[in-house]
Colleague: 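The structure that follows is given in the form of structure tokens.
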Amino acid sequence: MIHTADVAVVGGGLGGVAAALAAAETGATVVLTAEEPVVGGQVTAQATSPLDEHPLIETTGAPGAYLEFRRRVRARYDGRANPGGGWVSRLCFPPQVGREVLEGMLAPHVDAGRIRIHLGARPVAVRTRTGDDGAERVVAVCLDVAGEDLEVRADVVVDATELGDVLALAGADVVVGSEGQDAFGEPHALPGAGDPRAEQSVTWVAGLRLTDTPAEPVAAPASYAELEARGAFGLDIPGWDGTTHRYRMFEDGPTGNPPFWTYRRVHDASVLGGDDAIVLNWASNDYAGAGVVADPETAAREARELTLAFVHWLQTAAPRDGGGHGYPELVLAPDVTGTDDGLATAPYVRESRRLASSRPVTENEIAPRDGAARSTRYEDSVGTAWYHADLHPRVGHPEPVYAPTAPFQVPARALVPEPGRGPVNLLAGAKNLAATQVAAAAYRVHPGEWSVGEAAGVIAAHAVRTGTSPGALLGRSAGIRTVQSTLLDRGTALAWAEDLPVDHPAFRAGQRAILGGALRGDRASTLAVRPDEPVDDEERAAIAHAFGLDDLPLGRTWAESVLAADAAVPTMPQETR
């Protein structure tokens with residue numbers, strides 16, 4: 001079976017869904033494939049539907065389409081802000097709701113023939129060809145669909161797989177594990193030359209319900225006795241601050257922490273009726289015995305076994321709040337995970353193969369800087385993201401990392417292979433962007449992955465339209481401006497400004513000004529640009545410089561000034577055809 005399209009998006013996680021939507025809405029036809037039986041990745045097949053996000057997510061710092069996804073989830077609950085009531089996130093909900101919402105967002109494009117979806121499709125090979133210009137291009141991606149062959153041919157290919165499979169199959173240069181401090185001087189990289197085996201842990205999430213009556217516990221796996229003997233299970237967690245964070249099941253813990261049970265609760269029975277339900281993603285089922293890239297079979301088998309062992313411990317040995325041990329009223333919940341056994345369809349993957357680069361995004365670029373509210377400014381920004389560098393235990397290196405970051409951007413250069421290091425029509429569209437292990441640990445969460453995917457989809461569609469490669473498109477000022485303009489049209493901020501919403505008259509011009517380095521003084525040291533307050537001569541000159549102007553027509557406020565500067569810039573052709 002052969003399918004052709006303008007853009008092939010291989011991988012159906014959040015990055016893949018975002019890429020497919022963006023490419024289709026930018027005028028391309030798309031084939032979207034997912035190895036799992038559902039689209040959605042983290043929020044569906046991996047059952048990590050409570051959204052890991054930054055503090056400003058309700059108003060800014062994520063693509064407009066991602067915010068629409070959140071709005072639609074809440075609409076399923078009549079606008080209730082957090083239907084699950086979990087304390088890990090502002091928005092917790094069951095994986096099945098995430099699936100239904102994402103399928104609803106894709107449906108108009110599927111019905112119109114703009115997007116064709118293949119589920120259960122595992123990439124097994126990539127065919128490439130070297131053109132007369134000496135550049136290598138992907139010709140087709142070959143996939144296995146329940147034993148049947150599927151060949152997808154497209155002008156541009158977006159790798160949105162969980163593990164960067166297409167990058168590897170296409171022969172692109174990739175990196176796995178830690179680059180080490182020797183590579184880029186990152187304080188939280190592993191010492192010395194690093195360790196490519198040091199992949200982050202995976203978690204095989206389970207769904208649990210709290211029932212009225214005790215039930216038979218799950219069978220203890222063969223490894224249970226050994227795991228329990230070495231203290232693998234518990235409600236307490238060693239904190240990154242050097243203290244132990246102590247929890248109780250349904251009550252606040254002795255150190256003031258909220259209950260373990262409500263951490264990732266996805267159904268709050270006190271509000272919604274029925275039984276309470278959670279998704280189980282805790283330190284005790286965080287598996288780092290083998291890398292999922294290096295040894296996927298071992299990692300999958302042992303991660304599942306660890307989770308079943310933890311569930312057995314919760315049911316039989318966990319300390320009860322009122323005394324005694326075991327909570328037999330906790331049962332696996334297949335209706336939460338959408339599986340027969342109550343375990344997620346696939347493991348929660350925190351780290352992928354990543355595009356190798358001579359200048360990847362590094363921890364040093366996204367770390368807080370004195371006097372600055374934002375991280376390194378990228379003029380080629382195609383999105384924003386923000387999360388701490390959250391490195392879970394790595395294979396052979398059990399110490400976690402929890403490093404602060406400043407609000408950061410997605411540079412377009414991180415989505416394409418460097419010249420000579422991979423096919424020119426291949427894009428990274430998920431956790432596989434060109435970033436070091438530490439930096440990628442900050443991009444990997446829900447809105448960050450969506451930002452990368454959406455940008456890849458827009459770049460892919462414009463590359464097809466102009467008959468060029470993504471790298472060549474982004475190498476021209478007109479090309480990057482066209483991509484950025486499309487993203488701004490989609491309500492996607494490219495720079496951080498907490499008080500410049502998409503419906504502000506100066507949203508587009510203000511975004512361009514920030515990308516060009518227009519912020520000075522207090523406007524640079526906070527995320528508030530105060531668009532409707534006056535500017536001084538220094539700020540006005542900085543705005544003019546950001547737009548490449550010698551001087552600037554007078555504007556009383558910052559917003560008036562950036563609008564005047566934008567209007568004064570000579571019109572550039574949107575695309576070089």
Colleague: Just grab all the salt bridge (Lys or Arg N to Asp or Glu O under 4.0 Å) pairs involving residues 514-527, residues at least two apart or on different chains.
Modeller: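 Those involving residues 514-527 are Arg523-Glu539.
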
Colleague: Can you name the residues that form a ring-ring contact (aromatic ring centres under 6.0 Å, His included) with Tyr402, not counting sequence neighbours?
Modeller: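 Trp240, His388.
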
Colleague: Going by side-chain hydrogen bond (donor to acceptor under 3.5 Å, both in side chains), name the residues that satisfy it together with Arg354, two or more places apart in sequence or in a different chain.
Modeller: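 If we apply the side-chain hydrogen bond (donor to acceptor under 3.5 Å, both in side chains) test to Arg354, skipping adjacent residues, the hits are Glu179, Glu351.
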
Colleague: So, using side-chain hydrogen bond (donor to acceptor under 3.5 Å, both in side chains) as the criterion, who are the partners of Glu418 when residues are at least two apart?
Modeller: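 If we apply the side-chain hydrogen bond (donor to acceptor under 3.5 Å, both in side chains) test to Glu418, skipping adjacent residues, the hits are Ser357, Ser358, Arg421.
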
Colleague: Taking atom types as modelled and ignoring hydrogens, do the side chains of Thr486 and His462 form a donor-acceptor contact shorter than 3.5 angstrom?
Modeller: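 Note: Thr486 and His462 side chains meet the donor-acceptor criterion.
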
Colleague: Ser469 side chain to Asn425 main-chain N or O, any donor-acceptor pair under 3.5 Å?
Modeller: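 Here the side-chain-to-backbone pair does not exist.
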
Colleague: Among all residues two or more places apart in sequence or in another chain, which pass the side-chain contact (heavy atoms from CB on, under 4.5 Å) test with Phe507?
Modeller: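 For Phe507, the residues satisfying side-chain contact (heavy atoms from CB on, under 4.5 Å) (neighbours in sequence not counted) are Leu488, Ala493, Val502, Gln511.
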
Colleague: Output all residues satisfying side-chain hydrogen bond (donor to acceptor under 3.5 Å, both in side chains) with Tyr378, sequence neighbours left out; order by chain, then residue number.
Modeller: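 With neighbours one apart ignored, the set is Glu365.
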
Colleague: Any side chain to side chain donor-acceptor pair (under 3.5 Å) involving residues 92-101? Give me the pairs, sequence neighbours left out, ordered by first then second residue.
Modeller: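 Matches after skipping sequence neighbours: Arg76-Glu100, Arg99-Glu103.
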
Colleague: Side chains of His109 and Glu25: any donor to acceptor distance under 3.5 Å?
Modeller: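 Yes.
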
Colleague: Quick one: ring pair (Phe, Tyr, Trp, His ring centres under 6.0 Å) pairs with a partner in residues 474-497, sequence neighbours left out?
Modeller: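 Checked against ring pair (Phe, Tyr, Trp, His ring centres under 6.0 Å) - neighbours excluded - the pairs reaching residues 474-497 are His54-Trp496, Trp386-Trp496.
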
Colleague: I need the minimum non-hydrogen distance between Gln200 and Arg350, along with the two atoms involved.
Modeller: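 Heavy atoms of Gln200 and Arg350 come nearest at NE2-O, 3.6 Å.
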
Colleague: Test your reading of the model: is there a side-chain donor-acceptor pair from Asp173 to the backbone of Gly422, 3.5 Å cut-off?
Modeller: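 Absent.
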
Colleague: Going by the salt bridge (Lys or Arg N to Asp or Glu O under 4.0 Å) test, which pairs reach into residues 423-444, not counting sequence neighbours?
Modeller: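 Matches after skipping sequence neighbours: Glu162-Lys431, Asp390-Arg444, Lys431-Glu449.
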
Colleague: Looking at every non-hydrogen atom in both residues, tell me the closest pair between Gly185 and Asn364 and how far apart they are.
Modeller: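 Of all heavy-atom pairs spanning Gly185 and Asn364, the closest is O-ND2, 3.5 Å.
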
Colleague: Between Thr492 and Pro63 (side chain of the first, backbone of the second, donor and acceptor by atom type, cut-off under 3.5 Å), is there such a pair?
Modeller: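 It does not hold such a pair.
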
Colleague: In this structure, is the centre-to-centre distance between the rings of Phe93 and Tyr77 below 6.0 Å?
Modeller: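 No, they do not, as the ring centres are separated by 6.0 Å or more.
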
Colleague: Does a side-chain N-to-carboxylate-O contact under 4.0 Å join Arg508 and Asp566?
Modeller: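 Looking at Arg508 and Asp566, the cut-off is not met.
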
Colleague: Is a salt bridge present between Glu379 and Arg377, judged by a nitrogen-to-oxygen distance below 4.0 Å?
Modeller: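 Yes, Glu379 and Arg377 are salt-bridged.
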
Colleague: Would you call Arg374 and Glu498 a salt bridge, using N to O less than 4.0 angstrom?
Modeller: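 Here Arg374 does not pair with Glu498 in a salt bridge, since their nearest N and O are not under 4.0 Å apart.
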
Colleague: For Tyr348, give me all partners under ring-ring contact (aromatic ring centres under 6.0 Å, His included), at least two apart in sequence or on another chain.
Modeller: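 For Tyr348, no residue satisfies ring-ring contact (aromatic ring centres under 6.0 Å, His included) once neighbours in sequence are set aside.
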
Colleague: Can you name the nearest heavy-atom pair linking Ile514 to Ala495, along with the distance?
Modeller: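 Nearest heavy atoms, Ile514 then Ala495: CG2-CB, 3.5 Å.
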
Colleague: Among all residues two or more places apart in sequence or in another chain, which pass the salt bridge (charged side-chain N to carboxylate O under 4.0 Å, His left out) test with Glu454?
Modeller: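 Here the qualifying residues are Arg490.
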
Colleague: Check whether Thr557 reaches the backbone of Glu560 with its side chain - one donor and one acceptor, N or O, closer than 3.5 Å.
Modeller: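 Yes; at least one donor-acceptor contact below 3.5 Å.
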
Colleague: Report, as yes or no, whether the 6.0 Å neighbourhood of atom CZ on Arg359 holds more than 12 heavy atoms from other residues, nucleotides or ligands.
Modeller: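 Atom CZ in Arg359 is not crowded, with 12 or fewer foreign heavy atoms closer than 6.0 Å.
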
Colleague: Run the ring-ring contact (aromatic ring centres under 6.0 Å, His included) test against Phe184 and tell me which residues pass, sequence neighbours left out.
Modeller: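 Not a single residue meets the ring-ring contact (aromatic ring centres under 6.0 Å, His included) criterion with Phe184.
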
Colleague: Could you tell me whether Arg114 and Asp6 have a side-chain N and a carboxylate O separated by less than 4.0 Å?
Modeller: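 No, Arg114 and Asp6 are not salt-bridged.
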
